[in-house]
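Remarks on the structure that follows.
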Amino acid sequence: MTSAQLRRAFLDFFASKGHQIVSSSSLIPGNDPTLLFTNAGMVQFKDVFLGQDKRNYNRAVTSQRCVRAGGKHNDLENVGYTARHHTFFEMLGNFSFGDYFKEDAIKYAWEFLTEVLQLPKEKLWITVYATDDEAFDIWTQKIGVPVERAIRIGDNKGAPFASDNFWAMGDTGPCGPCTEIFYDHGDHIYGGPPGSPEEDGDRFIEIWNNVFMQFNRHADGRMEPLPKPSVDTGMGMERIAAIMQHVHSNYEIDIFQGLIKAAAAVTGTADLDNKSLRVIADHIRSCSFLVADGVMPSNEGRGYVLRRIIRRAVRHGNQLGAKGVFFSKLVAELAVQMGEAYPELIEKQAVIEKVLRMEEEQFGKTLERGLLLLKDALAALGDSKEIPGEVVFKLYDTYGFPVDLTSDVAREQGLTVDQAGFEAAMEAQRKRAQAASSFGQDYNQTVTSEQVTDFTGYTEQHGNAVVVEIVRDGDKVESVIDGQQALVILDQTPFYAESGGQMGDTGTLTLASGAVFTVVDTLKIGKAFAHRGTISGTLSVGERVDAQIDNERRGAIRKNHSATHLLHAALQQVLGAHVVQKGSQVGPDRLRFDFAHFEAVKADEVRQIEQLVNAQIQANHEVLTRLMQLDAAKAAGAMALFGEKYDDDVRVLSMGEFSIELCGGTHVARTGDIGLFKILVESGIAAGVRRIEAVTGAGALAYLHKLEQQAQQVAGLLKGDVLSIADRVVQTLDRSKLLEKELEQLKAKMASAAGASLLEKAVVLNGTKVLIAELSGVDPKGFRTMVDELKNNIGSGVILLGTASDGKVSLIAGVTKDLTDKVNAGQLVGWAAEQLGGKGGGKPDLAQAGGTDVAGLGKVLAAATDYLAAKL
């Protein structure tokens with residue numbers, strides 16, 4: 001059974017049991033700061049288990065792509081050296097959200113394994129959590145698994161609930177007891193059943209874990225019962241494929257065999273059992289899927305993990321003798337192997353290849369330098385078998401050489417890495433960075449509120465509201481008086497609170513008494529909208545106010561916000577579907593849009609983007625807003641941002657067919673209201689992240705007027721018109737170059753003439769002509785020409801010249817060839833410069849230097865006579 005057939009059989013089986021087939025979610029967890037990557041099948045259902053999200057189904061089945069290469073679940077170090085560790089893997093899973101529980105979950109698993117896949121029952125072993133009598137009885141009494149093959153596992157990791165049979169996604173969140181299913185590969189392979197001293201052997205392999213979600217673990221250790229007990233199961237697709245294909249190692253299954261053969265071809269390797277080929281085959285999967293999901297190589301967070309994996313693969317390729325770029329060439333084979341199940345690999349193949357190729361080329365330079373340094377470090381170890389932590393840190397910090405690569409090299413040479421020393425160096429660096437930085441306190445983080453504000457600003461610019469809470473200096477108060485600053489929370493408000501990159505509204509809250517609270521910002525505190533500002537008069541909780549936003553400012557923000565949606569769509573059309581938003585800021589004066597892209601946007605691409613956006617503005621599309629179910633919105637093609645939390649009902653904003661996005665911000669009524677769109681600057685802000693700043697409407701017109709004014713000023717200076725500026729500038733530059741050339745020629749003639757008169761000042765010292773002179777008004781740039789002329793005319797002799805200008809001293813020494821065995825020009829000028837607070841040197845016959853002691857120049861030149869007398 002191929003991997004593709006196995007994946008389909010699993011999905012079809014559970015669909016026949018009433019499960020909804022749900023597509024794999026992104027490797028970037030949505031709205032979950034506790035996870036670096038999606039590391040299990042249940043991640044996309046986390047809020048469902050917590051009762052914070054509801055679906056229109058209570059049974060689901062998935063084949064979820066997962067990455068474990070950072071954070072709590074990190075298998076990177078073991079990849080390639082064991083039979084079953086991977087950075088990327090597929091998790092087959094079935095889920096029950098308050099529907100069926102332990103008995104049905106166990107029955108489904110047993111039926112699929114023994115009837116659909118027809119695995120021998122005697123090959124299957126079971127583990128349960130020690131106190132889970134219910135699961136134990138289901139297995140032994142209803143399924144019929146012999147007691148000797150059903151093993152209870154207690155808290156075997158030194159803490160309560162720290163057990164192989166008590167599963168948790170992370171340190172906090174949904175968790176519960178689990179029952180695992182193991183496959184016995186046979187007594188010809190070393191290892192014992194789970195719980196035995198030999199359990200770490202490869203004979204008994206876990207293939208399926210049925211987790212019974214019963215609790216929500218809090219940071220303080222509390223185990224809160226979940227609203228509805230649920231089921232979360234996971235079966236590693238690669239592991240079960242190995243069993244179905246009658247091989248022992250995951251790397252022997254069809255997917256990996258195809259990738260390993262392709263890796264062997266691009267690296268020129270004949271040994272298909274080489275572990276480096278396994279590393280490369282594994283890493284092309286995780287790297288390609290991460291790039292497909294919008295992750296770009298960088299120096300922090302997810303991007304840094306991606307960079308580490310790429311670099312590890314490249315180094316293993318170089319070990320095999322690969323020349324030039326090779327890693328990115330494997331994307332095509334991956335698309336063949338997995339493109340049917342994951343079409344994004346085919347759709348984004350060109351982008352994935354380009355990102356990997358660019359990173360590979362960049363690392364080639366780093367790798368060569370790092371390996372040389374590491375080689376020197378290893379040679380200096382002597383009899384030691386451990387690479388010092390300071391060496392590992394220097395390689396990492398200064399040369400970008402990943403720690404795991406150093407560990408790989410160490411392992412290959414029978415050495416270890418001083419991990420504790422490395423961590424100490426890293427901690428010291430972190431402390432230095434913190435000491436060099438100053439961070440302001442986020443006022444929003446110091447305030448909490450249980451109030452709920454009704455936002456009316458989509459349709460209203462002002463309205464009556466009641467003050468329900470006032471916060472001053474972090475404390476809730478009943479009133480504020482003249483001149484005091486505070487946060488004022490209303491029961492309803494037309495003021496938009498800063499969110500999704502859109503700045504908060506400003507305006508006024510006016511009381512019947514005439515008192516006015518001037519709002520300078522609006523922000524969210526939980527579900528409350530807090531108006532930040534200063535009171536003129538007195539304001540108390542319970543009073544009614546007239547809330548009036550700054551309409552002109554809001555109008556400018558609306559234009560810029562709507563323009564970011566058009567810009568996003570235009571970027572995807574011009575640059576590619578890989579472009580995803582990485583951040584934005586929408587204010588009244590301009591917009592800023594950050595996006596994933598691997599190189600600078602070219603000038604012609606910037607023009608195309610501007611033209612596309614302005615074409616949509618001129619089309620004057622109606623800006624439509626619809627409330628839709630999240631799944632329906634995505635199905636309709638609406639773009640959603642990873643990391644954003646969306647409710648069941650979402651606002652879908654569409655501008656014709658050009659742009660459809662989920663957005664809770666405020667927008668123009670028609671695209672024509674934006675008026676004009678103009679990009680100011682495109683720049684890079686991080687590896688793989690670009691930024692565009694732009695203006696719209698009156699701001700764009702003001703910018704163009706300023707450009708026109710400057711162009712007219714330049715045209716006037718060049719005595720031409722605006723349309724001929726470029727030609728006039730070229731003419732002026734050509735004329736300037738000609739004049740510069742004539743000036744240099746004139747200086748050379750003057751230097752030659754000056755040199756001729758200088759020869760009259762030469763003296764004879766111990767039978768040798770010596771010229772020592774201080775010059776004024778001479779450009780040091782002409783020194784060399786002057787000395788060459790003097791050497792030609794003096795025949796045989798020594799020359800030392802000096803000049804001072806702008807607080808600096810310039811020196812030059814020349815010695816004819818016949819005298820360099822007695823006087824070295826470099827030593828002579830170095831001696832003089834040292835006394836003048838400088839340094840310099842050069843060839844034995846010609847050398848220059850500089851200094852800072854202008855006042856001492858004459859004295860040093862006078863002393864040079866004695867210096868030369870001793871030499872001559």
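In this structure, Glu390 has no side chain to side chain donor-acceptor pair (under 3.5 Å) partners at least two apart in sequence or on a different chain. Scored by the side-chain contact (heavy atoms from CB on, under 4.5 Å) test, Asp202 finds Arg84, Ile189, Ile205, His248 as partners (sequence neighbours excluded). With sequence neighbours left out, Lys354 forms a side-chain contact (heavy atoms from CB on, under 4.5 Å) with Arg357, Met358, Phe598, Glu599. Annotation: salt bridge (charged side-chain N to carboxylate O under 4.0 Å, His left out) contacts of Arg691 (sequence neighbours excluded): Asp594. Remark: Ala242 pairs with Val247, Asn250, Ile253 by the side-chain contact (heavy atoms from CB on, under 4.5 Å) rule, at least two apart or across chains. Applying the side chain to side chain donor-acceptor pair (under 3.5 Å) criterion to Asp132, with sequence neighbours excluded, gives Lys102. Annotation: salt bridge (charged side-chain N to carboxylate O under 4.0 Å, His left out) contacts of Glu206 (sequence neighbours excluded): none. Residues meeting the salt bridge (charged side-chain N to carboxylate O under 4.0 Å, His left out) test with Asp220, sequence neighbours left out: Arg222. Scored by the side chain to side chain donor-acceptor pair (under 3.5 Å) test, Asn210 finds no partners at all (sequence neighbours excluded). With sequence neighbours left out, the salt bridge (charged side-chain N to carboxylate O under 4.0 Å, His left out) criterion links Arg690 to Glu682. Applying the side-chain contact (heavy atoms from CB on, under 4.5 Å) rule to Ala313 yields the partners His283, Phe327; only residues at least two apart in sequence or on another chain are considered. Checked against side chain to side chain donor-acceptor pair (under 3.5 Å), Glu238 has the following partners two or more places apart in sequence or in another chain: Arg285.
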Step-by-step side-chain contact (heavy atoms from CB on, under 4.5 Å) determination, Tyr129 to Phe161 = CA-CA 9 Å; Tyr129 190 50; Phe161 307 111; 3.8 Å; yes

ask   = Stepwise, does the side-chain contact (heavy atoms from CB on, under 4.5 Å) test hold for Asn209 with Asn165?
value = CA-CA 9 Å; Asn209 189 4; Asn165 279 79; 5.8 Å; no

request  = Check the pair Val43 / Leu35 against side-chain contact (heavy atoms from CB on, under 4.5 Å), numbers first and verdict last.
outcome  = CA-CA 9 Å; Val43 171; Leu35 290 176; 3.8 Å; yes

request  = Before giving the answer on side-chain hydrogen bond (donor to acceptor under 3.5 Å, both in side chains), spell out for Ser163 and Asp155 the whole-Å C-alpha distance, their side-chain angles and the decisive distance to 0.1 Å.
outcome  = CA-CA 4 Å; Ser163 169; Asp155 296 331; 4.7 Å; no

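For the residue pair Glu423 and Gln419, a side-chain donor N or O sits within less than 3.5 Å of a side-chain acceptor on the partner.
Ring pair His568/Phe593: centre-to-centre distance below 6.0 Å. Proximity of the aromatic rings of Phe182 and Phe204 is defined here by a centroid distance below 6.0 angstrom, and this criterion is not met.
The aromatic rings of Phe88 and Phe289 sit parallel to each other, their planes meeting at less than 30°, with 60° as the upper class boundary. In this pair, Phe256 and His86 present their aromatic rings parallel. The plane angle is below 30°, not in the 30 to 60° band.
Put simply, the side chain of Glu360 gets close to the backbone of Phe326: a donor and an acceptor are under 3.5 Å apart.
Taking the charged nitrogens against the carboxylate oxygens, Glu90 and Arg239 have no contact shorter than 4.0 Å, which rules out a salt bridge. Classification of Glu359 and Arg311 as a salt-bridged pair holds, one side-chain N sitting under 4.0 Å from a carboxylate O.
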